[in-house]
Enquirer: 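Below you'll find the structure I mean.
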Amino acid sequence: MIHMQIAKTIAEITASVAQARKAGKTIGFVPTMGALHDGHVSLIEAAATRCGHVVVSIFVNPTQFGPGEDLNKYPRPFEKDLAICEKHGADTVFAPQVQEMYPRENLTWVNVEQLTDRLCGEFRPGHFRGVATVCAKLFDIVCPDVAFFGQKDAQQALVIRRMVADLNMPLEIVVCPTVREPDGLAMSSRNQYLSPQERKDATRIARSLERCLESIEAGERAAEVLRGQIRQILEQMPATRIEYISICDSETLEELDRVRGRVLVAVAVRMKSTRLIDNILVDTPAR
Ligand code: AMP
């Protein structure tokens, strides 16, 4: 029997959340673009553990895609996604059409400065403006107490946290660890674009980060040396362009000369047309 509600309009999701609130439940929210995998599942389960009512949104947000990006080919296995949501504890899925979210030309945007200039922001102009704006809209529509994001998209999580703090949005942001395939590759809806050979080569991304962690643990502090070690591993991936190798402050995303305190090690590569990102957080002595 299907207990989960499916809301396609703002009116429907508003009514569904209002009913849960009236029953005294806290609202947990997991925003996604669908094509759900175990990374998304971990967020849904975290929400179900913490909150009495879990809303998952499935919306491929056009405003966070640049020209020439994969908006049209982004996978949309809707029925399969619904089954995953239901199985892992979602109470309501909010799956609006583009027209429902953007019924007119959008003139109002949320721009989180500085944090969005770096890393992915440099290679995807306008991406974080789209992400922050759609999250602000979704937060206003769903009114969650807690929203769950993945560390896989470290910069996104930071941008959303900052937006919520700067704009006094009345919700808590929880960031959950990156879920990986058994061979280390970070799960991503975009992994299905990879050919079998590319899929094999892509394991080097996580390996390069593990290697970096080992070097830091062995005492290496020079960020340029660490970037070089990562580069060496990534350069063994054929037909792959490295977009960035970043060793930066985990709060400001400023590139470091020397590793110190909590550090974000983040990479982005492009394998033909598929863009993959990954990162690890490393705690080192603050001196
Ligand atoms: P997406 O559908 O790709 O927009 O992702 C929706 C949410 O799932 C975001 O908060 C992502 O950071 C999170 N997510 C995606 N992949 C993973 C993963 N491998 N592990 C943990 N969270 C993830």
Side-chain angles (χ1 to χ4, degrees), residues 28-50 54-66 69-71 73-78 80-82 84-85 88-90 93-96 98 101 115 119-120 124 127-139 142 144 146-164 171-194 199 202-203 205-206 209 250 264 266-268 274-281:
F29 178 42
V30 181
T32 82
M33 298 205 298
L36 303 180
H37 50 66
D38 283 353
H40 299 108
V41 165
S42 74
L43 304 185
I44 298 170
E45 289 182 343
T49 304
R50 253 275 327 248
V54 176
V55 178
V56 178
S57 65
I58 297 177
F59 180 61
V60 182
N61 173 40
T63 67
Q64 69 189 68
F65 287 79
E69 289 190 350
D70 56 342
L71 172 63
K73 78 163 180 178
Y74 201 84
R76 291 163 168 87
F78 188 57
K80 197 169 152 220
D81 285 346
L82 291 182
I84 292 172
C85 288
H88 294 280
V93 167
F94 178 45
V98 171
M101 290 297 286
L115 292 177
L119 307 182
C120 292
R124 303 187 71 188
H127 169 67
F128 288 113
R129 180 183 85 150
V131 168
T133 302
V134 82
C135 284
K137 285 165 72 72
L138 288 167
F139 293 166
V142 175
V146 193
F148 297 79
F149 288 83
Q151 177 61 27
K152 157 81 182 359
D153 300 275
Q155 187 173 15
Q156 168 173 285
L158 208 60
V159 166
I160 297 301
R161 263 194 203 287
R162 188 56 181 250
M163 171 185 79
V164 165
L171 75 158
E172 184 190 334
I173 301 297
V174 171
V175 180
C176 300
T178 301
V179 176
R180 297 176 180 281
E181 300 287 356
D183 64 8
L185 180 68
M187 289 194 182
S188 164
S189 306
R190 292 187 166 102
N191 290 349
Q192 53 186 281
Y193 298 152
L194 300 172
R199 170 66 187 78
T203 58
I205 300 168
L209 298 175
S250 66
L264 179 72
V267 301
T274 308
R275 189 172 181 280
L276 299 176
I277 58 172
D278 199 354
N279 71 86
I280 51 170
L281 277 173

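Just so you know, ligand 1 is whichever comes first in the structure, and atom 1 is the first atom listed for that ligand. The analysis underlying the following values was restricted to heavy atoms, covering all of them including side chains, and did not include hydrogens, waters or symmetry mates.
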Enquirer: Taking heavy atoms and a distance under 4.0 Å, where does Pro31 meet ligand 1: side chain, backbone, both or neither?
Expert: backbone

Enquirer: Can you tell me which portion of Arg180 lies within the under-4.0 Å heavy-atom range of ligand 1? Options are side chain, backbone, both, or neither.
Expert: neither

Enquirer: Looking only at protein heavy atoms, identify the closest one to atom 13 (C) of ligand 1 and say how far it is in Å.
Expert: Leu43 CD1, 3.7 Å

Enquirer: Write out the residue and atom name of the closest protein heavy atom to atom 10 (O) of ligand 1, then the distance separating them to 0.1 Å.
Expert: Gly150 N, 3.0 Å

Enquirer: Output the list of atoms in ligand 1 that are nearer than 4.0 Å to some heavy atom of His37, sorted by atom number.
Expert: 15 (C), 16 (N), 17 (C)

Enquirer: Starting from atom 5 (O) of ligand 1, what is the nearest protein heavy atom, named by residue and atom, and what distance separates them?
Expert: His40 NE2, 3.4 Å

Enquirer: Please report, to 0.1 Å, the donor-acceptor pairs under 3.5 Å made by any side chain of residues 127-134, with sequence neighbours excluded.
Expert:
residue	atom	partner	partner atom	Å
His127	ND1	Gln64	O	2.8
Thr133	OG1	Val110	N	2.9
Thr133	OG1	Arg129	O	2.7

Enquirer: Does any part of the side chain of Phe29, heavy atoms only, come nearer than 4.5 Å to the side chain of Phe94, both counted from C-beta?
Expert: no

Enquirer: What residue among Arg50, Glu45, Glu172 forms side chain to side chain contact (heavy atoms under 4.5 Å, CB included) with Phe148?
Expert: Arg50

Enquirer: So, is Val179 polar-close to ligand 1, with some N/O to N/O distance under 3.5 Å?
Expert: yes

Enquirer: For ligand 1, is any non-hydrogen atom under 4.0 Å from Met187's backbone (N, CA, C, O), its side chain (CB onward), both, or neither?
Expert: both

Enquirer: Would you check if the side chain of Gln155 reaches a backbone N or O of Leu115 as a donor-acceptor pair within less than 3.5 Å?
Expert: yes

Enquirer: Ligand 1 and Met33, any nitrogen or oxygen pair closer than 3.5 angstrom?
Expert: yes

Enquirer: What are the atoms of ligand 1, with element, lying closer than 4.0 Å to any heavy atom of Gln156?
Expert: 9 (C), 10 (O)

Enquirer: If you compare all heavy atoms of His40 against all heavy atoms of Ala35, which two are closest, and at what distance to 0.1 Å?
Expert: CE1-O, 3.7 Å

Enquirer: Is it the case that over 12 heavy atoms from other parts of the model lie below 6.0 angstrom from the CZ atom of Arg162?
Expert: no

Enquirer: Is there a side-chain contact between Ile44 and Thr32 in this structure, where contact means two heavy atoms from C-beta onward sitting under 4.5 Å apart?
Expert: no

Enquirer: Where is the nearest protein heavy atom to atom 23 (C) of ligand 1: which residue, which atom, and how far?
Expert: Lys152 CB, 3.9 Å

Enquirer: Flag Phe148 as yes when one of its N or O atoms lies below 3.5 Å from any N or O atom of ligand 1, and as no otherwise.
Expert: no

Enquirer: Any atoms of ligand 1 less than 4.0 Å from a non-hydrogen atom of Thr178? List them with their elements.
Expert: 20 (N), 21 (C)

Enquirer: Using every non-hydrogen atom in the two residues, find where Ile58 and Cys85 come nearest and quote the distance to one decimal.
Expert: CD1-SG, 4.4 Å

Enquirer: Can you name the residues that form a side chain to side chain contact (heavy atoms under 4.5 Å, CB included) with Ala186, not counting sequence neighbours?
Expert: Lys152, Thr178, Arg180, Asp278

Enquirer: With heavy-atom distances below 4.0 Å as the criterion, list the atoms of ligand 1 near Pro177.
Expert: 20 (N), 21 (C)

Enquirer: Under 3.5 Å, is there a donor-acceptor pair between the side chain of Asn191 and the main chain of Arg199?
Expert: no

Enquirer: Should you measure from each heavy atom of Thr32, which atoms of ligand 1 turn up under 4.0 Å away?
Expert: 2 (O), 6 (C)

Enquirer: What protein heavy atom sits nearest atom 11 (C) of ligand 1, and how far off is it?
Expert: Asp153 OD2, 3.1 Å

